Each structure stands twice: as C-alpha cells, then as structure tokens.
Amino acid sequence: MPELPEVETVRTGLLPVMEGKIILSAQINRPDLRWPFPERMAERLNGTRVLGLRRRSKYILADLSSQETLLIHLGMSGRMLISGTQIGQFHHAHPAPQKHDHVVFDMEGGARVTFNDPRRFGAMDLIETARAEHHPLLANLGPEPLGNAFHDTYLAARLRDRRTPIKSALLDQSIVAGLGNIYVCEALYRAGIKPDRLAGQMTATEVSRLTTIIRDVLTEAIDSGGSSLRDFRQASGELGYFQHSFQVYDREDAPCLTPGCDGTIARMVQSGRSTFYCPRCQQ
DNA sequence: ATGGGGGCCTGCCGGC
DNA sequence: TGCCGGCAGGCCCCCA
C-alpha cells in the first residue's frame, strides 16, 4: 500500500475538502472491507463535522464533532478520490461510480470523497476519540519515524539481540511505524546495509546512519507527493513522482546508481516479499 | 517472546 | 486470443 509518504500525501489532499466540513452523507456500498464496518457507520457519520484530519503511521484519523474518530487504512490498493471541487471557474462533475467504490462521503461545500479499494485489504472503523490510540490497530505501533521519539539510541535498543534480518525489523510496525517494502529497500540501499544482515548485528554507526536516512527518504518522498506505483494517485487525482527517485526498488538487473559502483541490482525474497539491493555496495 | 509463513482479495502482465 | 502462474505499496493470525 501506500506507505507513510503516500498516506501523508492523501491526508494533505483531503484537508481542504474535509477539515472543518460537515459530512452530509456517507454512503456505504458493502458490509465490510478487511473487516466488517462498525455498527450503524453511516448514521454515526451523517451530520458530523470533521474537526481535524490526523495521520498515525499508515492510518488516517478523522476526528469528528460526535467525539468519535473515523479510522481509515488504505491497505494495498485503497484510494481516496475527490470530485466535485471548484477549480477556477470550472466545476468538476462527479464521475460515474466505479467498480470497488466502497464508501462515498458527500461533504459540505460540494466535494465528494470516494474510497475505492479493489483488493479490500483496507479498513475503516469508528472509535471514541479519547481512546483512539488504544484501538487494537494503533496500540502496538512504534514511534513515528519523523517524530522526536525515533532516534538512534531508541532504534539501537530495539534492534539489539534481534535475530531477524534488518529488513524485517524495519518492516515491523512496532519498532518504527509507517515504513513499507519500498522505503525500507531504499533506506537500506542508501545506508549501504545488506538487507539480510541480522538486526542485532548492526553497529552503532550503522544504526545512527539508518535513522537519519530513514527520515531523509520519507521527507523527500513526502515533498514529491509520494510514489505513484501502479497508478496510485494523490487525493487530488495527481500523480506523485517519487517513483522516479527509486534507486533500487523494482530495478532488478539494472545498474547500481552509486557513483563508482559497477554492481547490478538484485532481487531476493525475504518473508515472502521482494527485496531489491545492490550486492556490491550493500554490505 | 520471537520469527516465519499462510492467508486475505483483485488486477495485471508475461509466457506459452 | 486465452489461460495460467506469478506478482503487487499490508498486516493479522497461527504455528513452531
């Protein structure tokens, strides 16, 4: 799915049409995504005002005037598409409904936000705002990689003695929340660390370099509007362009881009997922 | 407790 | 052209 930068890009895109606006109607077209929708979801959403839109890891949290929070996860293939916004003098009509449009929000102000998710690995839930961080999906998340709690002594402590590959450790959302397959591959490449090295064997220097690089990669990706793999779009419908900055992800057999390295990007499978790396400059 | 693998879904692409 | 296997940005759950 959308990893942290893509989710942050979606959140930013939704802000102008959702924050401060009333949900005039929520239309729910099926009983579930990955899990059943909460009881009476449409009724609980209708007429509430969206007080704020937050992000935690890869989750979007909409705090509502009803003291409830709408939790949204995009899974692998979820999208939030906006229509009906006024751009200059032109008014964009709502497009015809598409297959896999599972939830449709009509907002005060005329915008329509459509959650479309072919694979249905996404999720939505409604929870008490005051208890949001205790939601089972959020309770065990590690620190935000762009927040103050993520620093090298923290990461070193969490990696210590772990006998899992560093790649798996960085994908573990309880260690750091928001990384996915792409950004872990990119970060390990930039750090010059071979993805199958054991987490517990990282040196202090390597851990320190990793924390900085993880921040850098995510920040650059957010600044680029995320990545538009397989046509993933921002809420506005625009394509992000960080995919053009991938240095290893999906580049099997292509030349390594490190200056002076004549290696070739390789692919291996770890825990059933593709890892891309340069066997030459990642040690 | 920790690590690995299966499973959930649909769509797309390449090979035969 | 059609069918089939493999693959896909996630993450819960079960097993050893």
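Hydrogens, waters and symmetry mates play no part in the numbers below; they use all other heavy atoms, side chains included. Just so we're clear, the structure is a prediction, and the values are computed from it rather than from any experiment. Proteins come first, then strands; the chains are lettered A, B, ... in the order of their sequence lines, and each starts at number 1.
Nucleic acid contact class of A:Leu171 (heavy atoms, under 4.0 Å, all strands): none.
A donor-acceptor pair is defined here as one N or O able to donate and one able to accept, closer than 3.5 Å; no such pair exists between the side chain of A:Asp101 and the backbone of A:Phe115. A:Arg119 places no side-chain N or O within donor-acceptor distance of the main-chain N or O of A:Phe121, the cut-off being under 3.5 Å. No donor-acceptor distance shorter than 3.5 angstrom exists from the side chain of A:Arg55 to the backbone of A:Thr9, with no hydrogens or angles considered. Although no hydrogens or angles enter the test, the distance criterion places a donor-acceptor pair under 3.5 Å between the side chain of A:Glu186 and the main chain of A:Val248.
Atom CG in A:Asp253 sits roughly 15 Å away from atom C1' in B:dG14 (whole-Å rounding). Going from atom CG of A:Leu141 over to atom P of C:dG10 covers 14 Å, rounded to whole Å. One can place CG of A:Asp172 at 13 Å from C1' of C:dC12, the figure rounded to the nearest angstrom. Atom pair A:Asn140:CG and B:dA1:C1' shows a separation of 14 Å (rounding to whole Å applied). As rounded to whole Å, 14 Å separates atom C1' of B:dC8 from atom CZ of A:Arg273. Residue A:Arg160 contributes atom CZ, which lies 14 Å from atom P of B:dT2 at whole-angstrom precision. Remark: P of B:dC8 and CG of A:Asp32 are 14 Å apart, rounded to the nearest angstrom. Remark: P of C:dG10 and OH of A:Tyr249 are 8 Å apart, rounded to the nearest angstrom.
Remark: A:Arg162 is in phosphate contact with B:dG3, judged by side-chain N or O atoms under 4.0 Å from OP1 or OP2. The phosphate of C:dG10 (OP1 or OP2) has no side-chain N or O of A:His73 nearer than 4.0 angstrom.
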Which dot-bracket string describes DNA chain B (Watson-Crick N1-N3 plus N6-O4 or O6-N4, or G-U N1-O2 and O6-N3, all under 3.5 Å; [ ] crossing; | other strand)? .|||||||.|||||||
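In the hydrophobic clustering, where aliphatic and aromatic side chains (Ile, Leu, Val, Met, Phe, Trp, Tyr) are joined below 4.5 Å either directly or transitively, A:Val104 stands alone.
Which of C:dC12, C:dG10, C:dC11 sits closest to the side chain of A:Asn181 comes down to C:dG10. Considering only side-chain atoms of A:Glu3, the nucleotide from C:dC11, C:dG10, C:dA8 that sits closest is C:dG10.
C:dC12 sits 24 Å from B:dG11 when the P atoms are compared, rounded to a whole Å.
Residue ring and base: A:Phe121 does not count as stacked with C:dC11 (centre distance below 5.5 Å and interplanar angle below 30° not both satisfied).
A 4.5 Å side-chain heavy-atom check between A:Val103 and A:Met124 finds at least one atom pair inside the cut-off. Side-chain contact check for A:Met107 versus A:Val50: some heavy-atom pair is nearer than 4.5 Å.
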Polar pairs (N or O, both sides) under 3.5 Å between protein and nucleotides 11-13 of chain B?
from, atom 1, to, atom 2, distance (Å)
B:dG11, OP1, A:Lys99, NZ, 3.4
B:dG11, OP1, A:His100, NE2, 2.7

For nucleotides 4-7 of chain B, print each protein N/O atom paired with a nucleotide N/O atom at under 3.5 Å, atom names and distance only.
from, atom 1, to, atom 2, distance (Å)
B:dG4, OP2, A:Thr164, OG1, 3.1

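Screening residues 138-195 of chain A for ring-ring contact (aromatic ring centres under 6.0 Å, His included), with sequence neighbours left out, gives A:Tyr183-A:Phe242. Listed by first and then second residue, the ring-ring contact (aromatic ring centres under 6.0 Å, His included) pairs that reach into residues 260-283 of chain A are A:Tyr249-A:Phe276, sequence neighbours excluded.
Side-chain contact, A:Glu220 with A:Ser245: no donor N or O sits under 3.5 Å from an acceptor N or O.
Each of A:Phe276 and A:Leu137 was matched to the nucleotide of DNA chain C holding its nearest heavy atom; the match closer to the 5' end belongs to A:Phe276.
Summarising the geometry, atom CD1 belonging to A:Ile222 is positioned 5.0 Å from atom CG belonging to A:Leu146; distances are rounded to the nearest 0.5 Å.
Considering A:Arg158, A:Arg162, A:Lys167 as possible partners of A:Asp172, the one that fulfils the salt bridge (charged side-chain N to carboxylate O under 4.0 Å, His left out) test is A:Arg162.
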